[in-house]
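Along the sequence shown, residues carry numbers from 1. All values derive from a computational prediction rather than experimental measurement.
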Amino acid sequence: MNVRRNAAALAAIGVLAAAAPAVAAGPSPSPKASVPAGLYGKSDPTYDGVWRQSLTLVAQRTLGYHPATAAVDWLTGQQCANGSFAAFRATPAASCDAKTMVDTNSTAAAIQALHATGGHDAAVTKAMDWLKSVQNKDGGWGYNPGSPSDTNSTSVVIGALAATGADPAGVRKDGKSPYDALAAWSIPCDQDGGGALAYQPDKKGKLAANADATAAGVTAALGKGFVAQTGKAPAADACAKAGRPTPAQVADNGGAYLAAAVAKSGHLMSVMPGATDQPDYGNTADTVVALAADGRTAAAKKAYAFLEKSAGPWAAQTGPAAYAQLILAAHAVGAQPGDFGGTSLVTSLNALGPEPRMQAAEKQAKASDGTSHAGVWWSVGICLVAGIGIGFLLSTRKKQQS
């Protein structure tokens, strides 16, 4: 689901702004940038404002909420006239110019959010047209227009295409689609890191396995965006050799790599330069979504169980994007985000910005079918709106989906 990148890759392409989705700022606002009304979170939005807002809106819609008008308006107000989005524009009333650092990741994330909220077809179409205009000749996208393509950026664009009903295979530049790019970054089974995807080739064209890129690539190869559910189990558990892997083979091979990566501990380790050995909660959440989408239910649930046990403090420190990631991971494996290790991801996320609403018809849907798949999700919102202690109430209920 997610398109975070490690700091080494970011440094290589010189894009500091992209680091925000990978490492969140602290909970206190930066003195250099105030947090505008309508935006979720309290930390400096300079590098991740659009990203965290988009993830929040997608997570809320996945739960059945209608995001607050102020939150949606803030996001639409960030769009440039040409359809693109930057990570954050402090003065959205000013026109975008050559100095405005627009990027594919923020734009593709905003597309998924605005499409999910509905009623923003013109903005979505304009943003999609911009993305198509900056597609690279290898069929992929880089973080900034003109930068070399990478798996993460290409994957979030595929997610935007798929979320809006477009066929990524039909979006081509010089005859190549984004799926061709993913196949080119898929490491052959007989090589080190076989089955994984690389972030991008090094200067000599060599591919190095990258778990973050693999999680993003698996989900994208399956034609999914931020939101995914458990898919059909793969034909084989191990990497399957293929001269030029199809999207399905890219996904299955990447899924096999990820399943092996979390088999022992249930999580990925941080690879940020200079970081101490510690779990990478964000990329583990992405891995849960990727594994579930690829039908590797046991591995996905093992990783989710680790997150449920250990990721609460990380989410509380990181903010809305982290809560949204965990909600989407819960959705992917059929777990209840209202009972995440005894706390509610839903309450925690919604408390960080304008309160979303739930229509009366949706409340009635829960009342008429409290045990259905929809009822599980509607119950989370109803408890929040009513002001009931959702974590305590839902803690008595067992996870009803597998």
Using side chain to side chain contact (heavy atoms under 4.5 Å, CB included) as the criterion, point out the one residue from Val333, Leu258, Val218 that pairs with Leu291. Leu258
Residue pair Leu349 / Tyr65, side-chain heavy-atom distance below 4.5 Å: no
To the nearest 0.5 Å, what is the distance between CZ (Phe340) and OG (Ser348)? 10.0 Å
Can you list every ring-ring contact (aromatic ring centres under 6.0 Å, His included) pair that touches residues 241-268, not counting sequence neighbours? His267-Phe306
Residue pairs meeting side-chain hydrogen bond (donor to acceptor under 3.5 Å, both in side chains), one or both in residues 109-136, sequence neighbours left out, come to Asn136-Ser149
Excluding sequence neighbours, so at least two apart, what forms side chain to side chain contact (heavy atoms under 4.5 Å, CB included) with Asp174? Lys137
Using the test side chain to side chain contact (heavy atoms under 4.5 Å, CB included), find all partners of Ala166 that sit at least two apart in sequence or belong to another chain. Leu161, Thr164
Residues at least two apart in sequence or cross-chain that pass side chain to side chain contact (heavy atoms under 4.5 Å, CB included) with Ala169, listed by chain then number, are Asp167, Tyr179
Run the side-chain contact (heavy atoms from CB on, under 4.5 Å) test on Ser155 and Thr219 for me, step by step, so that the C-alpha distance in whole Å, both residues' side-chain angles and the decisive distance to 0.1 Å come before the verdict. CA-CA 8 Å; Ser155 295; Thr219 307; over 6 Å; no
Rounded to the nearest 0.5 Å, how far apart are CG of Asn144 and OG of Ser147? 5.0 Å
Arg52 versus Leu39: any side-chain heavy-atom pair under 4.5 Å? yes
With rounding to the nearest 0.5 angstrom, report the CD to CG distance, Gln325 to Leu328. 8.0 Å
For the side chain of Arg61 and the backbone of Ala116, is there at least one donor-acceptor N/O pair under 3.5 Å apart? yes
Using side-chain hydrogen bond (donor to acceptor under 3.5 Å, both in side chains) as the criterion, list what pairs up with Ser106, not counting sequence neighbours. Asp103
Distance col, row Leu345:CG vs Glu308:CD, nearest 0.5 angstrom, shows 8.5 Å
Any side-chain heavy atom of Ile187 within less than 4.5 Å of one from Leu197? no
Checking side-chain contact (heavy atoms from CB on, under 4.5 Å) for the pair Gln200/Thr151: CA distance, chi angles, key distance, verdict? CA-CA 6 Å; Gln200 62 186 186; Thr151 296; over 6 Å; no
Here the gap from Leu268 atom CG to Asp280 atom CG, rounded to the nearest 0.5 Å, amounts to 6.0 Å
Can you tell if the side chain of Pro337 reaches within under 4.5 Å of the side chain of His331, non-hydrogen atoms only? no
Do Thr104 side-chain atoms and Trp141 backbone N/O form a donor-acceptor pair below 3.5 Å? no
Ser344 side chain vs Val346 backbone, donor-acceptor pair below 3.5 Å: yes
Distance (rounded to the nearest 0.5 Å) between Asn105 CG and Trp51 CH2: 5.5 Å
Let me have the donor-acceptor pairs involving side chains of residues 243-250, under 3.5 Å, with sequence neighbours excluded, atom names and distances please.
from: Arg244; atom 1: NH2; to: Asp180; atom 2: O; distance (Å): 3.4
from: Thr246; atom 1: OG1; to: Gln249; atom 2: N; distance (Å): 3.2
from: Thr246; atom 1: OG1; to: Gln249; atom 2: OE1; distance (Å): 3.4
from: Gln249; atom 1: OE1; to: Thr246; atom 2: N; distance (Å): 2.8

Side chains of Val72 and Leu114, heavy atoms from C-beta outward: is any pair under 4.5 Å? yes
Applying side chain to side chain contact (heavy atoms under 4.5 Å, CB included), name anything that partners Ala113, two or more places apart in sequence or on another chain. Ser54, Leu57, Val58, Leu75
Decide yes or no for Thr284 and Trp314: does some side-chain heavy atom of the first lie under 4.5 Å from some side-chain heavy atom of the second? no
Between Thr69 and Trp74, does the side-chain contact (heavy atoms from CB on, under 4.5 Å) criterion hold? Intermediate values first, please. CA-CA 8 Å; Thr69 299; Trp74 182 88; over 6 Å; no
One thing to verify: whether Lys206 and Asp202 come together as a salt bridge, which I'm taking to mean a side-chain N less than 4.0 angstrom from a carboxylate O. no
List the residues meeting ring-ring contact (aromatic ring centres under 6.0 Å, His included) with Tyr40, not counting sequence neighbours, and say none if there are none. none
Who pairs with Asp294 by side-chain hydrogen bond (donor to acceptor under 3.5 Å, both in side chains), at least two apart in sequence or on another chain? Arg296
Side chains of Tyr304 and Val289 in contact at under 4.5 Å (non-hydrogen atoms): no
For Asp190, what residues pass the side-chain hydrogen bond (donor to acceptor under 3.5 Å, both in side chains) criterion, not counting sequence neighbours? none
Please examine the side chains of Tyr323 and Thr56, heavy atoms only from C-beta on, and report whether any two atoms are closer than 4.5 Å. no
Between Asn350 and Gln60, does a side chain to side chain donor-acceptor pair (under 3.5 Å) hold up when you go through it step by step? CA-CA 8 Å; Asn350 291 347; Gln60 289 176 339; 3.0 Å; yes
CE (Met101) with more than 12 external heavy atoms under 6.0 Å: no
Show me the donor-acceptor pairs, under 3.5 Å and distance only, between side chains in residues 82-94 and residues at least two apart or in other chains.
from: Asn82; atom 1: OD1; to: Ser84; atom 2: N; distance (Å): 3.0
from: Asn82; atom 1: OD1; to: Ser84; atom 2: OG; distance (Å): 2.7
from: Arg89; atom 1: NE; to: Gln78; atom 2: O; distance (Å): 3.1
from: Arg89; atom 1: NH1; to: Pro92; atom 2: O; distance (Å): 3.4
from: Arg89; atom 1: NH1; to: Ala94; atom 2: O; distance (Å): 2.8
from: Arg89; atom 1: NH2; to: Gly77; atom 2: O; distance (Å): 3.4
from: Arg89; atom 1: NH2; to: Gln78; atom 2: O; distance (Å): 3.3
from: Arg89; atom 1: NH2; to: Gln79; atom 2: O; distance (Å): 3.1
from: Arg89; atom 1: NH2; to: Pro92; atom 2: O; distance (Å): 3.4

